Amino acid sequence: MPEGPSIVIIKEELQSFKGKKILQVEGNAKIELALMENKKIKDFKSWGKHFLICFDTFYLRIHLLMFGTYRINERKEADPRLLLKFKNSEFSFYTCSIKLIKGNPAESYDWDADIMSETWSHKKAVKKINSFANEQVCDVLLNQDIFAGVGNIIKNEVLFRTRIHPESVIGNLPRTRLNALVKDARDYSLQFYIWKKAFVLKKNWVIYKKLNCLKCKSKVTRAYCGKTKRLTCYCENCQKIY
DNA sequence: CCGGTTGTTCAGCG
DNA sequence: GCGCTGAACAACCG
């Protein structure tokens, strides 16, 4: 479920609940559920992999982690972490992290760092990346302070699309290559969103979990790269190391 | 059918 | 206090 584009899709699917009054709250989240009863949902927001349910004086921050799921007007068999019931409708979240945070999310996030945001800033991202000169590209792409919403699939695909070896060191990347990387992180995330909505995301993967390189047909290398040690699929032949 | 994983946090250690 | 490692969480897919 959980890379940035998928969170934007959740936000869209829940739009009809905006402004509606919550009649009943259930779930095993370790928060004070009663606080939401008889309150109206002010807004839904997303920042990277965070999904936010906003109320007047607080908001819920939901992170789906690896296995989180949700349902709208239907239930899973498992106990919901959070179930919000309305007059003739409901939605629920499962196996996720939920925090209740006081205040307004507008002030607590760097919105320009969200890869899916209308206000995404390429320039700010480049500036931040330059302070990680000794880090590997595969780690920096997963840094949520720089690329909020980019996950392991987007990382793999972007590195292949830009022909950059995952273990390249930031300080060695020519400026044009760094710009291409940042631009494609944004472009591919928007593409991921379109493909995901059309249920054709997986079939459009070009390197992630592929056996052979689509371009040169050589065997795709699989390794747990960088400090993050996340599965990385890449082509030794087509992706240049800097 | 069982191992791996679209993710993050935290304890424990040197 | 730092960086690093491993555990914990927990469910679905191939």
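Below, chain A is the first sequence line, B the second, and so on; all start at residue 1. Owing to the predicted nature of the structure, the values given are computational and were not obtained by experimental measurement.
- Straight-line distance from the NE2 atom of A/His50 to the P atom of B/dG7: 12 Å, rounded to whole Å.
- Taking a pair to require two hydrogen-bonding distances under 3.5 Å in either a Watson-Crick or a G-U wobble arrangement, C/dA10 remains unpaired.
- For A/Lys76, the listed nucleotide lying nearest its side chain is C/dA11; candidates were C/dA11, C/dC4, B/dG7.
- Rounded to whole Å, atom C1' of B/dG4 lies 7 Å from atom OH of A/Tyr224.
- Checking the phosphate oxygens (OP1, OP2) of B/dT9, no side-chain nitrogen or oxygen of A/Lys99 falls inside 4.0 Å.
- When the P atom of C/dA10 is taken as reference, atom CZ of A/Phe93 falls 18 Å away, rounded to whole Å.
- You'll find that the side chain of A/Arg81 is closest to C/dA10, out of C/dA10, C/dC4, B/dG7.
- Side-chain N/O atoms of A/Asp139 and A/Thr228 include a donor and acceptor closer than 3.5 Å.
- There is a side-chain donor-acceptor pair under 3.5 Å between A/Lys155 and A/Thr232.
- A cation-pi arrangement, defined by a distance under 6.0 Å to the six-membered ring centre and an angle within 45 degrees of its axis, is present between A/Lys20 and A/Phe17.
- Across the P atoms, B/dG3 and C/dA7 are found 16 Å apart, a figure rounded to whole Å.
- Residue contacts shown for A/Lys229 are limited to sugar-phosphate atoms, with no base heavy atom under 4.0 Å away.
- Geometrically, A/Lys39 does not engage A/Phe55 in a cation-pi contact defined by less than 6.0 Å to the ring centre and at most 45° from the axis.
- Considering only side-chain N and O atoms, A/Arg230 lies nowhere under 4.0 angstrom from the phosphate OP1 or OP2 of B/dT5.
- Distance, A/Tyr70 OH to C/dA11 P: 18 Å, rounded to whole Å.
- Looking at the side chain of A/Phe67, the nearest of the listed nucleotides B/dT8, B/dG7, C/dA10 is C/dA10.
- The distance between atom CG of A/Asn156 and atom C1' of B/dT5, rounded to the nearest whole Å, is 12 Å.
- Among the nucleotides C/dA11, C/dC4, B/dT8, the one closest to any side-chain atom of A/His63 is B/dT8.
- When the P atom is used for both B/dG4 and C/dG6, the distance is 15 Å, rounded to whole Å.
- With A/Tyr109 as reference, A/His50 is the one residue of A/His50, A/Lys45, A/Arg61 to meet the side-chain hydrogen bond (donor to acceptor under 3.5 Å, both in side chains) rule.
- In this structure, A/Asn134 places its CG atom 13 Å from P of C/dG3, rounding to the nearest Å.
- Rounded to whole Å, atom P of B/dT8 lies 16 Å from atom CD1 of A/Ile98.
- A/Arg163 forms a cation-pi arrangement with A/Phe160, by the criterion of a distance under 6.0 Å to the ring centre and an angle within 45° of the ring axis.
- Residue A/Lys227 has no polar side-chain atom (N or O) positioned under 4.0 Å from OP1 or OP2 of C/dG3.
- Checked against C/dC13, B/dG7, C/dA11, the side chain of A/Lys202 finds its nearest nucleotide in C/dC13.
- Protein atom OH of A/Tyr94 is 11 Å distant from nucleotide atom P of C/dC12, rounded to whole Å.
- A/Leu231 comes within 4.0 angstrom of sugar-phosphate atoms only, judged by non-hydrogen atoms across all strands, and of no base.
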